[in-house]
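As structure tokens, the structure follows; a few thoughts come after it.
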Amino acid sequence: MQRYNPKDIEPRWQKIWNDSKIYQADDDSLKPKKYILEYFPYPSGATMHVGHVRNYTIGDSIARFYRMSGYNVLHPMGWDAFGLPAENYAIKNHVSPRKAIDDNTGRFREQLMQMGFSYDWSREIDSSDPNYYRWTQWFFLLLFKKGLAYQQESLQWWCPVDKTVLANEQVEAGKCWRCGNSVEKKSLKQWFFKITDYADRLLDDLDDLDWSDAIKAMQRNWIGRSNGAVIKFQVEKSQVVEVFTTRPDTLFGATFMVLAPEHPLVKSITSDIQKSEVEAYIKAAQAKSDVERQETDREKTGVFTGSYAINPVNKAKIPIWIADYVLSGYGTGAIMAVPAHDDRDYEFAKKFNLPITTVIEPVSGQEQGDEVRKQAIVAIVRNPKTNQILMLDWGPRQDRFGGKLFVGGGVDEAEDIVDCARREIAEETGYTNLKHVATTDTVAHGYYFSNVKNKNYYAKMHGLLFDLIDETQVDQQLDEGEKNKFKITWVDQLSAENLVDDDGHRYLFNALLGNGCYSGEGLMINSGQYDGTASSEAREKIVAELAETSSGQIVTNYKMRDWLISRQRYWGAPIPIIHCPKHGAVAVPDDQLPVKLPEIDSYEPSGDGRSPLAKVSEFVNTVCPQCGGPAERETDTMDGFACSSWYFLRFADTHNDQSPFSKAKVDEWLPVDDYIGGAEHAVMHLLYARFWTKVMYDDKLIDFQEPFTTLRNQGMILAPDGNKMSKSKGNTIEPGGLIDQGYGADSVRIMELFIGPWNQTAAWSVEGMGGAYRFLNRIWTLTQEYLETKSNKATTGESNDDIRRAVHFTIKKVSEDLNSLSFNTAIAAEMETLNQLYKFKAKDNYASQDWAWAIETFLQLLAPFAPHITEELWQALGHQTSIHSSQWPVHDDKYLIQDSMTIVIQVNGKLRGEISVPTNQPEAEIVSTAKANDKVSSYLEAKEIRKTIYISNKLVNFVV
RNA sequence: GGGCGAGUGGCGGAAUUGGUAUACGCGACGGACUUAAAAUCCGUUGGUCUUAACAACCUUGAGGGUUCAAGUCCCUCCUUGCCCACCA
């Protein structure tokens with residue numbers, strides 16, 4: 001018998017598949033189309049490890065499954081070839097970036113091919129090929145003509161190591177996303193794409209996408225839409241400062257104003273006396289690295305400018321400060337500070353002793369309409385010796401009752417609230433020797449139902465704090481309804497805040513002992529005519545009032561900024577713009593595209609803020625397309641993400657040299673049905689590509705607004721030691737090595753899929769590889785044995801229903817699992833089936849006539865995962881055409897129906913036995929059989945059966 | 001601080017959506033084959049008590065709840081992963 005030797009089988013089939021072009025997509029086929037795409041890789045100097053390969057294995061299995069299911073499948077591959085890593089690699093190794101990319105893509109292509117992935121290589125794309133970037137430049141000009149590309153001088157993130165600017169999305173926690181070094185701010189004239197014009201659409205259209213909630217949430221957070229208002233404050237010296245706020249309802253509580261240190265009005269606002277202090281602060285702020293400034297747990301700092309602003313609603317004169325907790329880039333770079341209702345402002349006010357005015361009081365519970373109104377107290381009793389707080393534990397919280405609360409009670413008519421609190425504490429806890437420490441100056445509004453009095457109440461609850469003088473206790477004096485309903489517990493302060501089960505109680509507790517800042521909604525106080533209004537309502541009314549005097553208006557703000565796309569580096573698509581002294585920035589005419597990257601000797605970035613192209617005079621010096629006068633080319637290149645913002649469209653029409661693509665072909669194939677890749681591009685590529693797609697839609701180049709209908713984020717593969725795989729840690733595992741060891745690509749593929757759910761992180765298992773190989777070896781051996789046995793003797797001609805049933809069941813299971821991408825359980829089911837086939841074989845030694853069908857069908861079910869071995873065995877069984885062009889098997893329900901079934905018997909929900917009954921037996925009979933069962937009857941003896949539950953085809957449960 | 005997720009044997013993980021928890025694989029142990037080993041094949045393998053078997057009881061991060069029935073639903077807490085983070 002031939003042994004399973006992947007080294008012999010795999011390269012042979014890869015060549016045959018390649019020569020016969022069986023994986024090429026057909027533009028003209030009438031079959032339904034599917035477009036399966038994995039992120040196109042960055043051909044860096046490294047090789048791909050098993051983590052990278054996971055995502056291609058997933059995509060390939062889906063593509064093969066669809067192909068066998070009758071779809072015309074587009075499954076292409078290309079190279080995201082422009083960008084820093086290729087260039088850095090080239091500089092380090094003293095080769096041209098062109099040469100580096102060609103070497104690297106060659107190696108990557110070979111790695112992908114030896115895994116047996118079914119790509120349509122006739123559509124291969126290289127984004128650094130002039131035939132490709134010509135169209136990237138064409139799209140730049142489209143954006144330029146639509147006013148969506150503009151140039152502006154501004155402070156930008158600058159990476160001192162990579163010597164280029166970076167987009168906001170490409171700075172992660174103050175570090176460059178590529179090299180990991182700290183970035184700086186630098187003022188440069190740069191090109192931007194106006195992605196913010198599309199913010200609303202990018203946000204709203206997320207709802208309909210079949211993407212993971214995590215990625216959608218990341219994009220939502222990144223876009224960061226917040227609805228609020230811009231409010232104008234008059235400053236004494238006649239300037240006006242605008243602030244952005246999402247809480248105009250708290251305007252009456254604005255007790256000071258804070259500007260970012262970089263705010264343009266700081267200079268003119270600052271008084272002479274404060275001048276030196278302010279200047280020193282600004283200097284210090286600038287000296288801080290951006291990483292430092294982004295530390296959130298830093299203590300607040302700031303200085304007073306010496307000026308005052310006038311609050312437009314109540315004409316209060318409020319001091320203007322500057323502080324670096326206000327960001328110059330967001331909103332207007334200035335805020336109205338409401339310390340009573342914003343944590344950051346609260347912290348700042350506490351530190352600098354600024355006034356705090358409460359303007360919102362919380363409301364808990366739901367209004368029922370028939371409330372009795374009353375005043376109430378919430379008394380917090382503290383034992384100063386232990387610093388513990390007294391709580392009443394009313395048992396488990398259920399709906400509106402129970403939970404842990406402080407002492408509470410209604411204020412009697414004409415009763416002083418301190419006396420009331422003392423009375424309630426004595427009645428409920430017996431403590432009488434107390435010192436009154438504080439009373440809140442605001443109240444919590446509460447709607448609640450009193451169990452004792454059986455009435456709905458609305459109470460204004462005052463918070464009071466008492467310290468125990470000693471632990472003398474008298475007898476409690478409880479109402480009938482209160483007796484034995486609660487117990488007294490003592491907890492520490494932190495626990496008290498966490499445990500308290502009523503929002504009003506918690507608010508009053510915080511007002512007395514915690515951070516007195518309340519940022520929720522509620523009822524307005526200290527707000528003139530708005531007192532008593534709900535804050536959500538007051539929000540709109542106050543803005544409307546301000547709008548009348550043009551001192552305020554509704555504004556929507558976004559965290560997302562425009563996309564900075566200039567790079568001061570060589571290896572990118574040149575920005576197709578000519579700067580003319582007369583006409584400014586002029587588009588390079590279409591017929592002069594591509595603006596080719598000149599070949600130069602030194603790619604080293606200069607670090608002076610200009611790209612190496614600036615040194616190439618024959619590139620720079622040109623004529624203005626409009627006037628023919630001398631002009632200079634733009635020397636910055638485009639961010640590599642520009643190239644990847646449309647590559648998925650080019651695959652539909654790769655070789656078009658008249659336009660980026662034909663609309664007909666793109667509409668035929670796109671949007672992408674399954675887009676597969678990691679989550680790392682959530683707010684970069686995936687956002688940019690959506691933006692470009694919308695721009696193209698608006699320009700009627702395509703008929704759809706979203707490029708990727710379904711997005712699948714595969715989980716990461718960690719090294720066996722549980723760490724991320726990395727070259728520097730020396731813990732990477734590469735498929736090539738495993739193939740060389742003799743496991744073969746098929747085993748690697750099985751392992752990639754079987755290791756766990758495709759979208760979860762998993763650690764690679766060296767031992768697991770053996771399991772994957774053994775599985776394939778078992779189907780190999782079984783098939784070879786079958787072939788030998790068959791040639792030695794004729795089959796009995798008898799059919800074996802057990803074999804049929806097992807295989808039909810597997811067809812159903814694997815088909816369902818592939819539709820839901822449960823690769824690991826699909827493979828588990830196949831392993832199980834194979835184990836069963838081994839048992840059948842032991843019984844009949846391949847005598848049944850069903851064996852040929854069983855093995856062939858099994859191979860088909862395995863083909864998407866392990867394409868080589870299944871093809872080899874399929875053709876060994878006598879087929880002349882590829883298994884991958886065969887029709888996916890369909891199960892026959894007839895074989896899934898069993899004549900008997902197992903019914904589980906429970907007594908009081910505990911498993912006590914099981915019986916086997918005919919499938920069509922009526923319920924009554926099943927129940928009586930169950931009752932008579934030996935094991936079960938002993939549990940039923942001398943007991944009354946109160947209830948019998950029968951779940952059809954599953955179980956009987958007797959309740960006794 | 002905010003958002004999204006995850007906790008099941010020695011390990012990776014199953015569980016038809018509330019109905020036999022631990023499928024499948026790894027590892028371990030035992031057996032067959034072999035001069036021997038590897039490979040292969042066949043078994044056993046959640047825990048406690050027990051010499052062993054039978055049986056019983058326990059078990060899905062912890063605690064409560066709903067239900068005839070909870071890994072699955074509800075509440076509280078703990079641990080942990082990822083993303084964002086002074087965004088007004």
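- Taking A:Thr781 as the reference, nothing meets the side chain to side chain donor-acceptor pair (under 3.5 Å) condition, with sequence neighbours excluded.
- Counting only heavy atoms from C-beta on, A:Arg3 has its side chain closest to B:A39 among B:A39, B:C4, B:G43.
- Residue A:Lys841 places no side-chain N or O under 4.0 Å from the OP1 or OP2 atom of B:C42.
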Filtered N/O pairs between nucleotides 54-57 of chain B and protein, under 3.5 Å:
{"unit_1": "B:A56", "atom_1": "OP1", "unit_2": "A:Tyr939", "atom_2": "OH", "d": "2.8"}
{"unit_1": "B:C57", "atom_1": "OP2", "unit_2": "A:Arg912", "atom_2": "NH1", "d": "3.4"}

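- Within 4.0 Å of A:Val959, counting heavy atoms only, lie sugar-phosphate atoms of the nucleic acid but no base atom.
- Residue A:Asn824 places none of its side-chain N or O atoms closer than 4.0 Å to OP1 or OP2 of B:G12.
- For the pair A:Lys300 and A:Phe348, the cation does not sit on the ring face, since its NZ or CZ is not both under 6.0 Å from the ring centre and inside 45° of the axis.
- Within 4.0 Å (heavy atoms only), A:Ala217 reaches sugar-phosphate atoms of the nucleic acid but no base atom.
- The base of B:C68 sits within donor-acceptor range of the side chain of A:Asn957, with an N or O pair under 3.5 Å.
- A:Arg778 comes within 4.0 angstrom of sugar-phosphate atoms only, judged by non-hydrogen atoms across all strands, and of no base.
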Would you sketch RNA chain B in dot-bracket for me? Only Watson-Crick or G-U wobble pairs with both distances under 3.5 Å count, crossing pairs as [ ], other-strand pairs as |, the rest as dots.
(((((((..(((......[....)))((((((.......))))))(((.......)))..(((((..]....))))))))))))....
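- The phosphate of B:A88 (OP1 or OP2) has a side-chain N or O of A:Ser226 nearer than 4.0 angstrom.
- Listed nucleotides B:C86, B:G3, B:A88 differ in distance to A:Asn221; the shortest reach to its side chain belongs to B:G3.
- Of the listed nucleotides (B:G19, B:A14, B:A88), B:A88 has the atom at the smallest distance from the side chain of A:Val326.
- Of the candidate nucleotides B:G2, B:A88, B:G13, B:G13 has the atom lying nearest to any side-chain atom of A:Pro757.
- Syn is the glycosidic conformation of B:G9, whose angle stays within 90° of 0.
- Contacts of A:Leu955 with the nucleic acid, taken as non-hydrogen atoms under 4.0 Å apart, include base atoms.
- In this structure, A:Phe244 has no ring pair (Phe, Tyr, Trp, His ring centres under 6.0 Å) partners at least two apart in sequence or on a different chain.
- Nucleotides B:G64 and B:G47 place their C1' atoms 25 Å apart, quoted to the nearest Å.
- In summary, the side chains of A:Ser226 and A:Asn557 do not present any donor paired with an acceptor at a separation below 3.5 Å, with no hydrogens or angles considered.
- Taking the charged nitrogens against the carboxylate oxygens, A:Arg778 and A:Glu830 have no contact shorter than 4.0 Å, which rules out a salt bridge.
- Take the nearest nucleotide of RNA chain B for A:Ile949 and for A:Gly224: the residue whose nucleotide is more 5' is A:Ile949.
- Nearest to the side-chain atoms of A:Asn777 among the listed nucleotides B:G43, B:U40, B:C4 stands B:U40.
- The base of B:C86 sits with one of its N or O atoms less than 3.5 Å from a complementary donor or acceptor on the side chain of A:Lys300.
- For the side chain to side chain donor-acceptor pair (under 3.5 Å) test, residues two or more places apart in sequence or in another chain that qualify with A:Thr825 are A:Asp817.
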Protein heavy-atom contacts under 4.0 Å, written 5' to 3' over nucleotides 24-29 of chain B as B (base), S (sugar-phosphate only) or - (none), form the string BSSS--
